[in-house]
Amino acid sequence: AYNNIGKIYEEQKDYEKAFKHYLLSAKEEESWACNKVGEYYRLGLIEKDMERAFYYYNRALDSNYRTRCYYTYYNLAKYFYSSGYGEIVLSKDIKLMLEYYEIASNNGILNATLELFYYYCDNYIKKRKENDKDKLLKYKEMIELHMDYNDDVKREVESKILKITNIKNINSFLRRDMKTFVYVNEKKSINSQAFEVVETYLKATLTVLPTYFARLISPDSTNVQEL
């Protein structure tokens, strides 16, 4: 009941009364309300206090798992463990960050899946490890299957993939044509006709990413693959 009243006040932008009702619910160890109180403290809607935000986020996790607010895992991972927080003497913890993002992602939190996708994209750009590639493709697929997937999310994902392939710098060329993938590396000599096909395709689709092109071939391949 406290949460429902709090939501009504929040819709009316009466954050003080909303906060009071969320706090009453949080005192009864209600996970969603604890997360909400943490949000109010983190965002400074009533008072900015990151230590209290951290406290209430963690209280939200103490709830029975059946009623746990899984968005709390995302909040802790993103706003605390991803970079640490000096004011509360909290160190950066990438292992815990990934663990919490994974829990949130597996419980339907799209933002957590996006963060995992971004993390492994950045890792792959730096290290070019197949394990990172496999994971970023896994999370890409999860994002595309999510009920909240939309054009805005699609553009974010495609923008990140473009960075991975260096397509804007024309270091490599990639073409999908129904059942055929063509990869062209600037260091290799290629058939001029094939080059013209890829070049024409890129000019026409430079800002449009084929949905699954990231799956096609490894970066050092120079073969044409029939699917």
Side-chain angles (χ1 to χ4, degrees), residues 73-74 77-78 81-84 91-106 109-146 149 151-227:
Y73 287 101
Y74 167 79
K78 183 171 179 64
Y81 294 119
S82 65
S83 58
S91 299
K92 181 177 180 179
D93 192 332
I94 297 300
K95 182 178 179 181
L96 192 56
M97 177 197 79
L98 292 174
E99 178 185 335
Y100 277 17
Y101 277 148
E102 186 73 27
I103 293 171
S105 174
N106 289 339
I109 308 302
L110 177 59
N111 284 343
T113 312
L114 282 165
E115 291 296 335
L116 288 166
F117 171 73
Y118 297 149
Y119 176 82
Y120 287 108
C121 280
D122 290 339
N123 262 21
Y124 183 66
I125 289 171
K126 294 175 184 176
K127 303 175 183 178
R128 294 288 172 174
K129 290 186 176 180
E130 286 300 307
N131 184 54
D132 290 329
K133 179 182 176 182
D134 291 342
K135 288 187 176 180
L136 75 87
L137 290 175
K138 166 191 170 182
Y139 294 118
K140 178 177 179 289
E141 183 174 4
M142 289 176 65
I143 291 165
E144 292 169 344
L145 293 174
H146 198 281
Y149 182 68
D151 288 342
D152 290 336
V153 175
K154 181 181 179 181
R155 280 191 289 270
E156 285 185 41
V157 171
E158 291 181 350
S159 175
K160 200 70 175 179
I161 292 291
L162 283 173
K163 293 180 181 178
I164 290 177
T165 58
N166 291 318
I167 205 167
K168 290 183 177 178
N169 295 326
I170 319 298
N171 288 328
S172 41
F173 300 91
L174 189 62
R175 177 179 180 269
R176 178 178 182 176
D177 183 14
M178 297 298 286
K179 295 183 178 180
T180 303
F181 286 115
V182 178
Y183 176 89
V184 180
N185 188 303
E186 64 180 0
K187 297 180 180 180
K188 303 292 182 179
S189 61
I190 60 169
N191 179 282
S192 60
Q193 185 177 2
F195 183 88
E196 290 175 3
V197 170
V198 177
E199 185 178 38
T200 301
Y201 176 82
L202 285 175
K203 285 180 179 178
T205 61
L206 189 59
T207 59
V208 180
L209 183 72
T211 307
Y212 291 106
F213 87 92
R215 298 174 182 275
L216 46 121
I217 44 182
S218 61
D220 59 352
S221 172
T222 57
N223 295 325
V224 176
Q225 297 186 5
E226 294 293 337
L227 299 184

Going by an N to O cut-off under 4.0 Å, is there a salt bridge joining Asp152 and Arg155? yes
Answer yes when Lys140 and Glu144 have at least one side-chain N-carboxylate O distance shorter than 4.0 Å, and no when they do not. yes
Distance check, rounded to the nearest 0.5 Å: [X] atom [atom1] versus [Y] atom [atom2]?
X      : Y      : atom1 : atom2 : answer
Tyr120 : Asn131 : OH    : CG    : 7.5 Å
Leu114 : Cys121 : CG    : SG    : 10.0 Å
Leu162 : Glu158 : CG    : CD    : 7.5 Å
Ile103 : Ile109 : CD1   : CD1   : 12.0 Å
Leu116 : Met97  : CG    : CE    : 7.5 Å

Are the side chains of [X] and [Y] in touch, meaning some heavy atoms are under 4.5 Å apart?
X      : Y      : result
Leu136 : Ile161 : yes
Tyr73  : Tyr101 : no
Lys138 : Met142 : yes

Between Arg128 and Ile164, does a side chain to side chain contact (heavy atoms under 4.5 Å, CB included) hold up when you go through it step by step? CA-CA 9 Å; Arg128 294 288 172 174; Ile164 290 177; 4.1 Å; yes
So which heavy atom on [X] is nearest to which on [Y], and how close?
X      : Y      : result
Tyr124 : Glu130 : OH-OE2, 4.4 Å
Ser82  : Lys92  : O-CE, 3.3 Å
Val157 : Phe117 : CG1-CZ, 3.7 Å
Thr113 : Tyr139 : CG2-O, 3.7 Å
Leu96  : Asp93  : N-OD1, 3.0 Å
Tyr119 : Ile94  : OH-CG2, 3.6 Å

Not counting sequence neighbours, which residues clear salt bridge (Lys or Arg N to Asp or Glu O under 4.0 Å) with Asp151? List them please. none
Considering residues at least two apart in sequence or located in another chain, which fulfil the salt bridge (Lys or Arg N to Asp or Glu O under 4.0 Å) criterion with Glu156? none
Applying ring-ring contact (aromatic ring centres under 6.0 Å, His included), name anything that partners Tyr81, two or more places apart in sequence or on another chain. Tyr100
Taking side chain to side chain donor-acceptor pair (under 3.5 Å) as the definition, give me every residue that meets it alongside Asp122, ordered by chain and number, with sequence neighbours left out. Lys160
Identify, with sequence neighbours excluded, every residue that meets side chain to side chain donor-acceptor pair (under 3.5 Å) alongside Asn111. Tyr71
Salt bridge (Lys or Arg N to Asp or Glu O under 4.0 Å) contacts in which one or both residues fall within residues 111-121, not counting sequence neighbours: Lys78-Glu115
